[in-house]
Participant: 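Just dropping this structure here.
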Amino acid sequence: MLAEGLDLKGLSLCLFPLIFSYNRSKRIMFESEEALAKCFGYSREYVNAILKKLIKQKLIVRLSRHDGLQTYDYCVDVSTVIRMLGPPECNDPELLKDFYRSIPKPALQWCEKILHEGVRKVNTPCEKSSQPDVRKSNMPCEEILHNNDKDNNIDNKRDNVLSALSNKEFIEILYPIFFFKNNCDPIPEIEKFLDYYRGKEWKLSGGKVMSEIEDLIRPAESWQVKEIKETGYRSSFMRGWKEVYKIAPEQLKKEILRIRPSSQNDSSASILCSKELADWLDSESQTVGIIFRGSANPNYKFDWKRR
């Protein structure tokens with residue numbers, strides 16, 4: 001519920017609770033971006049972009065950088081959390097109560113103290129400095145982005161999460177959408193989609209600039225495939241298979257997209273799949289059967305074989 005109240009999604013939904021879990025135990029999270037990237041399976045650049053996004057939203061504060069290391073201390077900005085969860089900003093004041101129940105009062109006071117001392121410690125050298133080029137130096141004030149004008153500039157391209165993604169990461173995000181279009185070779189079509197919007201500098205027809213992963217979803221779903229490909233899957237099957245994908249465990253979703261057609265017509269389908277997926281389909285055969293009979297036709301028959 002806390003994530004819902006703060007509108008956290010994707011990697012933000014992983015990083016913020018991780019930092020929060022440290023702080024509620026009166027500890028500071030001390031992890032490098034490389035370690036976080038390895039932990040969650042993303043690139044270091046993407047982790048960096050999401051951390052900057054959380055800092056820009058003032059949900060977390062980057063307190064300091066450790067000498068000789070690309071490693072920082074992070075703390076949740078509890079004042080922002082309270083403001084976002086409490087009325088009138090939030091329609092459900094119970095979320096604020098949940099937050100207070102989830103973090104002990106001593107830990108809450110500790111966070112406030114750390115933030116006060118951390119921000120003061122980081123900002124003081126800049127405030128006292130008489131050097132005209134202090135903003136360009138490598139002084140501690142550059143290490144906290146809480147009040148960094150450049151990072152708060154919404155037109156700054158560094159704030160665009162999409163610009164930090166590699167082609168491999170784009171394909172991983174968009175592949176399920178293009179797979180279920182069922183009339184294209186997914187990867188080449190994804191590349192056409194990306195080339196088109198990169199050429200438009202990520203601008204939609206109304207002028208809005210896409211900057212978050214979530215912004216890609218609707219344009220990708222409405223993308224029109226001009227060069228139709230034969231995929232080997234009937235539309236009657238793909239309608240049902242898409243519903244199966246939605247209910248499949250997260251660890252099996254990639255396997256859902258790696259199936260091979262064995263035989264298909266409008267009233268039946270047979271596929272080849274991995275042992276792990278076949279085992280799960282066996283355990284959920286009744287549910288899968290209901291899905292296909294409802295999405296295709298009442299007499300639809302579907303079976304699977306292990307590759």
Side-chain angles (χ1 to χ4, degrees), residues 1-4 6-22 29 31-51 54 161-162 164-182 184-187 189-190 212-214 216-217 220-221 231-233 237-262 264 269-292 294-295 302-307:
M1 291 183 69
L2 179 61
E4 179 183 349
L6 298 178
D7 194 28
L8 298 175
K9 300 175 183 177
L11 185 56
S12 296
L13 187 55
C14 299
L15 291 174
F16 180 85
L18 177 63
I19 297 169
F20 181 73
S21 68
Y22 277 82
M29 192 189 86
E31 292 287 355
S32 68
E33 292 172 359
E34 287 81 2
L36 292 170
K38 185 176 181 180
C39 176
F40 294 111
Y42 291 93
S43 69
R44 187 200 65 77
E45 292 78 12
Y46 185 51
V47 169
N48 175 270
I50 294 300
L51 286 169
L54 290 170
V161 171
L162 301 183
L165 295 178
S166 65
N167 267 8
K168 181 179 179 181
E169 288 168 323
F170 273 119
I171 289 172
E172 185 175 349
I173 293 164
L174 296 172
Y175 192 89
I177 296 173
F178 283 82
F179 175 85
F180 287 112
K181 283 184 178 295
N182 191 37
C184 69
D185 188 6
I187 293 179
E189 199 67 31
I190 291 171
E212 307 292 339
I213 290 174
E214 292 79 8
L216 284 173
I217 305 305
E221 289 176 340
T231 65
Y233 301 110
F237 167 76
M238 290 298 270
R239 285 195 302 271
W241 197 235
K242 187 174 183 179
E243 295 304 311
V244 173
Y245 177 85
K246 291 177 182 178
I247 67 168
E250 196 64 34
Q251 67 271 20
L252 289 178
K253 287 190 182 294
K254 287 186 178 180
E255 296 301 324
I256 291 277
L257 306 176
R258 291 171 178 162
I259 60 168
R260 295 289 180 268
S262 177
Q264 291 197 17
S270 179
I271 64 166
L272 300 175
C273 63
S274 68
K275 178 183 181 303
E276 294 77 12
L277 179 56
D279 289 344
W280 178 77
L281 290 170
D282 288 343
S283 67
E284 298 290 340
S285 59
Q286 186 174 359
T287 301
V288 171
I290 292 172
I291 287 174
F292 275 98
S295 61
F302 171 53
D303 64 71
W304 49 90
K305 300 173 184 177
R306 291 159 177 77
R307 284 201 295 263

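Fair warning: this is a prediction, and the values are worked out from it, not measured in the lab.
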Participant: Would you give the length of the straight line joining atom CD1 of I173 to atom CG of L165, rounded to the nearest 0.5 angstrom?
Facilitator: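 Interatomic distance, I173 CD1 to L165 CG, rounded to 0.5 Å: 5.0 Å.
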Participant: Please enumerate all residues that pass side-chain hydrogen bond (donor to acceptor under 3.5 Å, both in side chains) together with S262, with sequence neighbours excluded.
Facilitator: none
Participant: If the condition is side-chain contact (heavy atoms from CB on, under 4.5 Å), which residues does E172 pass it with, not counting sequence neighbours?
Facilitator: K254
Participant: So, taking the atom named CD1 in I217 and the one named CD in E214, what distance separates them when rounded to the nearest 0.5 Å?
Facilitator: 7.5 Å
Participant: Kindly write out the residues that satisfy side-chain hydrogen bond (donor to acceptor under 3.5 Å, both in side chains) with D303, not counting sequence neighbours, or none if the list is empty.
Facilitator: S270
Participant: Enumerate, atom names and distances included, each donor-acceptor pair closer than 3.5 Å involving a side-chain atom of residues 238-250, sequence neighbours excluded.
Facilitator:
unit_1: R239; atom_1: NE; unit_2: S295; atom_2: O; d: 3.1
unit_1: R239; atom_1: NH2; unit_2: S295; atom_2: O; d: 3.4
unit_1: W241; atom_1: NE1; unit_2: I256; atom_2: O; d: 3.0
unit_1: E243; atom_1: OE2; unit_2: K246; atom_2: NZ; d: 3.2

Participant: With sequence neighbours left out, write down each residue that passes side-chain hydrogen bond (donor to acceptor under 3.5 Å, both in side chains) with W280, or none if nothing qualifies.
Facilitator: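 With sequence neighbours excluded, W280 shows a side-chain hydrogen bond (donor to acceptor under 3.5 Å, both in side chains) to no residue whatsoever.
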Participant: Determine whether a donor-acceptor pair (N or O, by modelled atom type, separation under 3.5 Å) exists between the side chain of N182 and the backbone of Y233.
Facilitator: yes
Participant: Looking at OH of Y175 and CZ of R258, how far apart are the two atoms once the value is rounded to the nearest 0.5 Å?
Facilitator: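 These two atoms lie 9.0 Å from each other.
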Participant: Checking side chain to side chain contact (heavy atoms under 4.5 Å, CB included) for the pair L162/E212: CA distance, chi angles, key distance, verdict?
Facilitator: CA-CA 6 Å; L162 301 183; E212 307 292 339; 6.0 Å; no
Participant: Is a side-chain donor or acceptor of K181 paired with a backbone partner of P186 at a separation under 3.5 angstrom?
Facilitator: no
Participant: Residues in side-chain hydrogen bond (donor to acceptor under 3.5 Å, both in side chains) with S285, at least two apart?
Facilitator: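 Here no residue qualifies.
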Participant: Can you name the residues that form a side-chain contact (heavy atoms from CB on, under 4.5 Å) with A220, not counting sequence neighbours?
Facilitator: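 Listed in chain order: L174, I177, F178, F193.
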Participant: Compare every heavy atom of N48 with every heavy atom of E33, then report the nearest pair and how far apart it is.
Facilitator: OE2-ND2, 2.8 Å
Participant: So, taking the atom named CD1 in I259 and the one named OG in S274, what distance separates them when rounded to the nearest 0.5 Å?
Facilitator: 10.5 Å
Participant: Go through the structure and list residues passing ring-ring contact (aromatic ring centres under 6.0 Å, His included) with Y46, not counting sequence neighbours.
Facilitator: Y42
Participant: Please report the C-alpha distance between K305 and I271 in whole Å, then the side-chain angles of each, then the deciding distance to 0.1 Å, and finally whether the side chain to side chain contact (heavy atoms under 4.5 Å, CB included) criterion is met.
Facilitator: CA-CA 6 Å; K305 300 173 184 177; I271 64 166; over 6 Å; no
Participant: Which atoms form the tightest heavy-atom contact between R306 and D282, and what is the distance?
Facilitator: NH2-OD2, 2.6 Å
Participant: Could you pull out the closest heavy-atom pair between C273 and L281, with the gap in Å?
Facilitator: SG-CD1, 4.3 Å
Participant: Relative to each other, are the rings of W304 and F302 parallel, tilted or perpendicular (30° and 60° limits)?
Facilitator: tilted
Participant: Drop me the distance from I50's CD1 to L15's CG, to the nearest 0.5 angstrom.
Facilitator: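 If we round to the nearest 0.5 Å, I50:CD1 and L15:CG are 7.5 Å apart.
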Participant: Assess whether side chain to side chain contact (heavy atoms under 4.5 Å, CB included) is satisfied between L51 and L36, documenting all intermediate values.
Facilitator: CA-CA 10 Å; L51 286 169; L36 292 170; 4.3 Å; yes
Participant: Applying side-chain contact (heavy atoms from CB on, under 4.5 Å), name anything that partners K168, two or more places apart in sequence or on another chain.
Facilitator: S166
Participant: When rounded to the nearest 0.5 angstrom, what distance separates CG in L277 from CD in Q251?
Facilitator: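 Atom-to-atom, L277:CG and Q251:CD are 11.0 Å apart.
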